[in-house]
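Working notes, structure below.
Positions are given from 1 along the sequence.
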Amino acid sequence: MKIHSTDLVNIENICNHEAGHYIIARELGFITNGISIEMRIDGYSGEAVLEPRTFGINNFTELENYLRRRIKVLYAGVISESYEMENCSDYALNQWNSGGGKDDHSKIRELTQVLRNIIYPNTETEPEAQKELDNIDSELFGQTVEIVSERLTLIRGIASMLSEKVKEYNIKYSLTETEINDVPNIKELYIK
């Protein structure tokens with residue numbers, strides 16, 4: 001069944017979301033393997049394929065660095081989707097509360113807790129711990145906004161390449177790593 005015109009904005013938003021995850025993952029040194037989207041009458045699924053493993057985590061400093069990078073990749077989806085909106089962080093909270101990017105948000109919460117435990121191992125009270133979590137969230141969210149801002153044109157370009165493929169419901173449409181690597185700016189930035 002052909003895509004309804006009423007879903008075109010949703011497709012664009014989802015593609016921006018997945019392209020945001022993908023580009024920020026590459027920017028931060030993760031191994032990537034394309035992006036995909038499938039629209040259904042009752043919803044959608046989207047995926048930026050990246051390898052979250054990393055080599056050489058031998059101490060807490062390396063683990064902290066990994067967690068910070070991984071959380072930024074998770075934030076990048078909703079930030080890329082909403083970047084031009086007046087209040088990106090309010091949109092993000094609304095999306096997470098209403099189910100959009102909910103998996104991203106639950107992963108962010110879990111990884112942020114681990115990160116807080118590494119940075120502040122001796123916190124004794126819940127209010128203190130919450131303040132530390134809020135500070136980490138604020139810092140990493142802000143840093144992700146900056147990176148998305150720097151790469152927004154590239155994110156939008158990759159998203160557009162994917163959204164132009166989407167023609168029918170219940171079919172998974174993908175941009176392969178090879179297709180993405182053929183984009184001149186990708187070659188310039190990420191392929192050595």
Side-chain angles (χ1 to χ4, degrees), residues 2-3 7-40 43-57 65-85 88 91-92 95-96 100-108 111 140-192:
K2 297 270 186 222
I3 296 289
D7 277 332
L8 294 179
V9 170
N10 285 340
I11 291 167
E12 185 178 319
N13 286 342
I14 297 161
C15 290
N16 282 323
H17 185 109
E18 298 308 329
H21 285 313
Y22 177 89
I23 293 298
I24 302 314
R26 283 199 81 162
E27 185 74 15
L28 297 176
F30 287 97
I31 298 167
T32 55
N33 196 21
I35 58 176
S36 65
I37 179 177
E38 181 179 344
M39 293 299 294
R40 296 182 297 273
Y44 65 88
S45 66
E47 177 180 37
V49 182
L50 67 113
E51 178 59 54
R53 76 179 160 86
T54 192
F55 302 100
I57 297 179
N65 178 47
Y66 167 80
L67 291 169
R68 288 177 179 278
R69 291 183 307 121
R70 184 69 181 108
I71 292 166
K72 289 175 191 177
V73 170
L74 290 165
Y75 271 137
V78 76
I79 292 169
S80 297
E81 180 181 342
S82 64
Y83 186 81
E84 285 93 356
M85 295 178 185
C88 182
Y91 177 85
Q95 281 294 98
W96 291 326
K102 198 171 192 172
D103 287 344
D104 296 341
H105 189 247
S106 65
K107 291 174 190 172
I108 289 167
L111 295 176
L140 296 179
F141 191 90
Q143 289 172 357
T144 308
V145 168
E146 289 177 24
I147 300 168
V148 167
S149 175
E150 291 171 13
R151 297 292 180 231
L152 190 62
T153 302
L154 186 55
I155 292 167
R156 294 293 186 255
I158 297 298
S160 178
M161 287 173 61
L162 181 57
S163 68
E164 288 172 8
K165 288 185 169 193
V166 181
K167 304 292 184 210
E168 295 186 33
Y169 292 101
N170 302 319
I171 296 175
K172 186 176 184 177
Y173 294 93
S174 300
L175 278 179
T176 66
E177 194 73 3
T178 301
E179 289 173 296
I180 296 170
N181 284 340
D182 284 340
V183 173
N185 286 345
I186 294 287
K187 286 181 182 178
E188 180 183 316
L189 288 168
Y190 306 117
I191 300 174
K192 310 286 188 244

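- When every heavy atom of Ala76 is checked against every heavy atom of Ile24, the shortest pair comes out as CB-CG1, 3.4 Å.
- Side-chain atoms of Val73 and Leu50, non-hydrogen and from C-beta on, do get closer than 4.5 Å to each other.
- The two atoms that bring Met39 and Ile3 nearest to each other are CB-CD1, 3.9 Å, heavy atoms only.
- Applying the salt bridge (Lys or Arg N to Asp or Glu O under 4.0 Å) test to every pair with at least one member in residues 141-156, sequence neighbours left out, gives these pairs: Glu27-Arg151, Glu84-Arg156.
- Shown here are the side chain to side chain contact (heavy atoms under 4.5 Å, CB included) partners of Glu188, two or more places apart in sequence or in another chain: Asn185.
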Requested in this report: Show the numbers, then the answer: is there a side chain to side chain contact (heavy atoms under 4.5 Å, CB included) between Phe141 and Ile71?
Outcome: CA-CA 9 Å; Phe141 191 90; Ile71 292 166; over 6 Å; no
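- Rounding to the nearest 0.5 angstrom, the gap separating the CD1 atom in Ile14 from the CD1 atom in Ile37 is 4.5 Å.
- Between His105 atom NE2 and Ile108 atom CD1 the span is 6.0 Å, to the nearest 0.5 Å.
- Looking at heavy atoms from C-beta onward, Tyr44 lies out of side-chain contact with Asn10 at the 4.5 angstrom threshold.
- Atoms NZ and CG, from Lys72 and Leu67 in turn, are 11.5 Å apart once rounded to the nearest 0.5 Å.
- Taking the side chain as every heavy atom from C-beta outward, Leu140 and Arg68 approach each other to under 4.5 Å.
- Applying the salt bridge (Lys or Arg N to Asp or Glu O under 4.0 Å) test to residues at least two apart or on different chains, the pairs with a partner in residues 7-26 are Arg26-Glu177.
- Side-chain contact check for Val183 versus Met161: some heavy-atom pair is nearer than 4.5 Å.
- The closest side-chain heavy-atom distance from Leu28 to Ile147 is below 4.5 Å.
- Between Lys172 and Ser36, the shortest heavy-atom distance links the atoms CE-OG, 3.2 Å.
- A side chain to side chain contact (heavy atoms under 4.5 Å, CB included) with Ile23 is found for exactly one of Val148, Leu154, Leu189, namely Leu154.
- Distance check: Tyr75 OH to Asp104 CG gives 11.0 Å after rounding to the nearest 0.5 Å.
- To the nearest 0.5 Å, atoms CD1 (Ile79) and OG (Ser149) are separated by 11.0 Å.
- With rounding to the nearest 0.5 Å, the separation of CG in Asn13 from OG in Ser163 is 10.5 Å.
- Proximity of Phe30 to Tyr66: side-chain heavy atoms (C-beta onward) are separated by under 4.5 Å at one or more points.
- Residue pairs meeting the ring pair (Phe, Tyr, Trp, His ring centres under 6.0 Å) criterion with at least one partner in residues 170-192, sequence neighbours excluded, are absent.
- Residues passing the salt bridge (Lys or Arg N to Asp or Glu O under 4.0 Å) test with Lys187: none are found, sequence neighbours excluded.
- For Val49, the side chain to side chain contact (heavy atoms under 4.5 Å, CB included) test picks out Asn33, Glu47, with sequence neighbours left out.
- By the side chain to side chain contact (heavy atoms under 4.5 Å, CB included) test, Thr178 is found to be paired with Thr176, Asp182, residues two or more places apart in sequence or in another chain being considered.
- Side-chain contact check for Lys165 versus Leu175: some heavy-atom pair is nearer than 4.5 Å.
- Taking the side-chain hydrogen bond (donor to acceptor under 3.5 Å, both in side chains) definition, one finds that Ser160 meets it with Glu164, sequence neighbours left out.
- With sequence neighbours excluded, the residues forming a side chain to side chain contact (heavy atoms under 4.5 Å, CB included) with Ala159 are Cys15, Asn16, Ala19, listed by chain and number.
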